[in-house]
Amino acid sequence: MGRLSWEGWQRHGQMEEIGVKASALRECLFPNLTDHEIAQVLSRGCDRQASLDEVAGSSVAWRDAPATLPHHPARVDPKALFLGPRAENADFMEQLLLEVFRDYVHWRRSFHPEDRAAIREEDGNSPAFKRFMAGFQVELRLLLDALQADVPFHSPRYMGHMLSDVSLPAFIGYFAALLHNPNNVSWEVSPVTTLMEIEASRHLAKMIGFGRTPQELSLTWGHITSGGTVANVESLWVAKALKFLPICVRGAARELGLEGLTAGVQGKNIEDLTPWDLVNLAPVEALDLRERLIKLHVERHCEAPVEETLNRVKESLKRHDILSLGDHAFFERWKGRDALRPATLCVPQSLHYSWVKGPALVGIGARQTTLIPVDSSYRMDTKALRKALESALRERRPVIAVVGVLGSTEEGAVDPMDEIAAIRDEFARRGLSFFLHCDAAYGGYMAACFRTPAGALRERADMAAEYGGWPSNGTYRSFAALSQVDSLTVDPHKLGFVPYPAGVVLFRDTRMKDLISQEAAYALGGSMERRPGEVYIGKYILEGSKPGAAASAVYLAHRVVSTDCQGYGVLLGQTIRIARTLHGRLLDLSKAIQDEFTVMPLYRPDLNVVSYLFNPVGNRRLDVLNRFNMALFRALTIDPARPATSRPFIVSHAELTHSIYGSEGLGRFLENMGIPGHLFVSSSRLPGSEGGGNEGRDDKVVVLRTACMNLFSLEEITEGKDYIGFFMESLPAVLRRVAEEMKSRADTMQ
Ligand SMILES: *Cc1c(COP(=O)(O)O)cnc(C)c1O
């Protein structure tokens with residue numbers, strides 16, 4: 001690195017080179033070509049080299065490319081995007097797979113073509129070779145046979161979990177890189193796909209409003225994880241380090257003999273702040289403070305090589321950091337008045353179980369979590385959040401983070417991120433700051449509906465006109481506020497239609513990643529001098545080895561389906577329409593079969609998850625209601641004893657427990673179904689054993705649940721009837737059969 005001024009260091013190496021140049025990926029694939037030359041390559045005839053370049057070119061012509069290159073993908077056509085429920089696009093996919101494979105073979109053969117073949121003709125003729133191959137083929141066929149029993153996620157008849165078909169570009173992108181098998185933990189073993197990972201994450205950062213220009217986006221940080229769970233845990237890891245960062249900075253300042261550092265709105269000397277004041281600096285203030293410490297130290301020692309001074313200050317920070325010291329050693333230094341109480345984390349009660357694992361893993365403690373109740377629409381009750389924060393302020397309990405959920409796992413409910421962000425700002429002014437995370441693992445891609453290709457927020461009226469009245473005011477305001485969160489989780493392997501494993505975690509401020517950085521010279525780059533385009537991300541992530549293929553899949557998916565209203569917005573808008581259709585048709589069905597069954601959707605969906613339940617007319621027992629819906633679910637889910645084809649449709653289910661959802665909203669809902677609300681009780685009020693004695697009470701409500709993700713659900717399944725309509729038509733017979741079976745079982749029990 002040589003001698004650099006502070007500004008030079010900031011510009012050049014700030015936070016370790018992740019500010020990849022806008023054109024890094026292209027430079028990497030076309031090292032010496034100008035834009036004009038690339039355009040020429042792309043317009044050349046179809047000899048092999050040109051067609052190869054064309055394949056590569058269409059996936060790297062981006063952002064600052066000249067107008068002659070395809071800049072924005074065309075509006076997505078869902079029918080061209082998937083293999084299709086009946087493999088309608090099989091020929092196209094086969095052609096792509098073949099092209100990818102042949103290209104890969106060519107790549108192998110053109111790497112030092114002078115090398116001799118290692119597997120020669122005579123090898124292939126040996127009996128052992130042939131026996132082995134034959135055995136392998138037999139095993140493969142057995143495996144293929146076994147897979148016949150798998151769940152038909154591709155069919156619109158699959159109406160269950162948050163899982164559907166994967167898109168062709170995602171699949172092909174995965175397959176192409178899978179052949180190469182790069183490991184995105186280290187640039188040395190993933191020089192191409194590491195850049196794709198960063199770029200694909202930036203598409204999502206732009207989608208949620210973190211920035212529009214390459215410059216703005218390079219100030220954010222995001223990467224691919226194995227899924228939402230790891231993304232959530234990583235954000236919590238960062239949030240914890242950030243909460244206690246100011247205390248760490250003060251320790252380092254004392255050790256390095258640096259005086260005069262100030263912080264907070266009033267610009268007080270950090271020596272005059274209590275631990276409570278320090279942990280309540282806002283996230284950005286804490287990051288600024290760390291940066292000012294580093295700068296002060298470098299300036300004090302301007303005679304020494306800058307990398308040496310940088311290392312010294314970083315080592316000192318590590319010595320005082322809570323993640324290095326561990327909670328016990330960190331907190332035991334504060335006694336009496338200065339002692340800090342155990343920190344908490346606020347999550348809505350609709351939480352995903354990763355919010356139980358995360359706090360346990362990063363040492364916050366699963367039991368220190370404050371669960372915020374949800375309202376009757378299953379969204380976080382912000383009045384309750386406010387109350388929890390008031391008591392944290394009163395009891396001087398540090399709040400590490402507040403988590404809002406965008407698309408809760410059970411209901412697809414959208415927490416009011418705008419209100420939560422406003423509450424965050426208000427409490428910061430009153431001296432209680434915290435990190436704001438949004439768990440948009442499920443609903444994150446819906447943000448595409450809200451963005452123009454240029455990255456601007458759309459008007460709600462335009463959206464409502466396109467999506468049949470959606471989004472509601474509340475949902476609109478919540479998505480519009482996403483740019484205000486500190487970090488966000490979004491899963492390409494859910495609404496991105498990308499194969500597993502692919503989650504993404506995004507941080508608003510790229511400096512956050514430095515709080516968890518690890519050095520490992522052998523793989524993560526160590527202190528080696530970097531050349532432009534060498535990007536080591538492994539030191540900033542929770543995981544180790546991870547598939548470059550996942551990055552390639554997300555990248556190609558985003559290149560073909562843009563993360564705005566022309567791309568994913570079209571697809572996800574359609575899923576909203578499907579959910580609304582299902583919701584509406586359930587209401588129609590309830591009229592049609594009202595003499596036999598009551599049908600109720602649990603709520604009007606915020607996104608595309610619909611939950612519903614059925615009650616035989618005359619039943620006033622909650623336990624019977626639950627048994628009925630459970631039996632219904634059994635009839636409409638896969639069964640180890642039967643082939644999947646025995647099911648006309650496949651749904652999933654959820655159990656809303658009293659301990660999590662409370663009786664208020666659900667009690668009222670049950671009354672409308674003819675079940676007295678007081679029968680919904682906490683588990684402690686139920687008799688121990690099954691069956692008699694509970695007088696109809698239960699501690700849960702069983703519902704059927706459909707994540708509407710298949711884009712072909714409104715296509716005709718037969719003449720004049722779509723899949724949803726067919727589902728509605730099939731239901732009464734299933735309901736009657738299940739009711740009969742329950743009745744005959746009850747009769748035989750008597
Ligand atoms: C799916 C989901 C997760 C977990 O994501 P995985 O990819 O399954 O690890 C976390 N939070 C929410 C809200 C989810 O829907």
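When a residue number appears, it is its place in the shown sequence, counting from 1. Start at 1 and go down the list; that is how both ligands and their atoms are numbered.
Between F727 and F649, the angle of the ring planes lies from 30° to 60°, which puts this pair in the tilted group. Ring geometry, W470 versus F479: the interplanar angle exceeds 60°, so the pair is classed perpendicular (tilted spans 30 to 60°).
A donor-acceptor pair under 3.5 Å links the side-chain atoms of K243 to the main chain of S433, judged by distance alone. Between the side chain of Q484 and the backbone N or O of A421 there is no donor-acceptor pair closer than 3.5 Å.
Residue G227 approaches ligand 1 through these ligand atoms, each under 4.0 Å from one of its heavy atoms: 7 (O), 9 (O). Close approach of ligand 1 to A441 (heavy-atom distance below 4.0 Å) involves ligand atoms 2 (C), 3 (C), 10 (C), 11 (N), 12 (C), 14 (C). With ligand atoms numbered from 1 in the order given, ligand 1 contributes 5 (O), 6 (P), 7 (O) to contacts under 4.0 Å with heavy atoms of D491. Short contacts between ligand 1 and S354, defined as distances under 4.0 Å to a heavy atom of the residue, involve ligand atoms 10 (C).
The closest approach between a heavy atom of G503 and any atom of ligand 1 is not below 4.0 Å.
Taking the side chain as every heavy atom from C-beta outward, L602 and F669 approach each other to under 4.5 Å.
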Check step by step if ring-ring contact (aromatic ring centres under 6.0 Å, His included) holds for Y378 and Y603.
CA-CA 9 Å; Y378 301 91; Y603 47 81; 5.7 Å; yes
Next on the checklist: I'd like to know whether L432 forms a side-chain contact (heavy atoms from CB on, under 4.5 Å) with L389, so could you lay out the CA-CA distance, the side-chain angles of the two residues, the decisive distance to 0.1 Å, and finally the verdict.
Outcome noted: CA-CA 8 Å; L432 185 84; L389 294 172; 3.9 Å; yes
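Looking at T229, N232, V403 and measuring to atom 9 (O) of ligand 1, the nearest heavy atom belongs to T229. Between the choices M162, H352, K357, H161, the shortest heavy-atom distance to atom 4 (C) of ligand 1 belongs to H352.
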Residues 227-239 side chain polar contacts: donor-acceptor under 3.5 Å, at least two apart:
{"unit_1": "N232", "atom_1": "OD1", "unit_2": "H437", "atom_2": "NE2", "d": "3.0"}
{"unit_1": "N232", "atom_1": "OD1", "unit_2": "T489", "atom_2": "OG1", "d": "2.7"}
{"unit_1": "N232", "atom_1": "ND2", "unit_2": "G228", "atom_2": "O", "d": "3.4"}
{"unit_1": "N232", "atom_1": "ND2", "unit_2": "S354", "atom_2": "OG", "d": "3.1"}
{"unit_1": "N232", "atom_1": "ND2", "unit_2": "D439", "atom_2": "OD2", "d": "3.1"}
{"unit_1": "E234", "atom_1": "OE1", "unit_2": "H223", "atom_2": "NE2", "d": "3.2"}
{"unit_1": "E234", "atom_1": "OE1", "unit_2": "L542", "atom_2": "N", "d": "3.1"}
{"unit_1": "E234", "atom_1": "OE2", "unit_2": "H223", "atom_2": "NE2", "d": "2.6"}
{"unit_1": "S235", "atom_1": "OG", "unit_2": "N232", "atom_2": "O", "d": "2.8"}
{"unit_1": "S235", "atom_1": "OG", "unit_2": "H437", "atom_2": "ND1", "d": "3.3"}

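Among protein heavy atoms, atom 15 (O) of ligand 1 sits closest to K494 NZ, 2.8 Å. Of the protein's heavy atoms, D439 OD2, 2.6 Å lies nearest to atom 11 (N) of ligand 1.
For ligand 1, one of its N or O atoms has an N or O atom of G228 under 3.5 Å away. Every N/O-N/O distance between W355 and ligand 1 stays at or above 3.5 Å.
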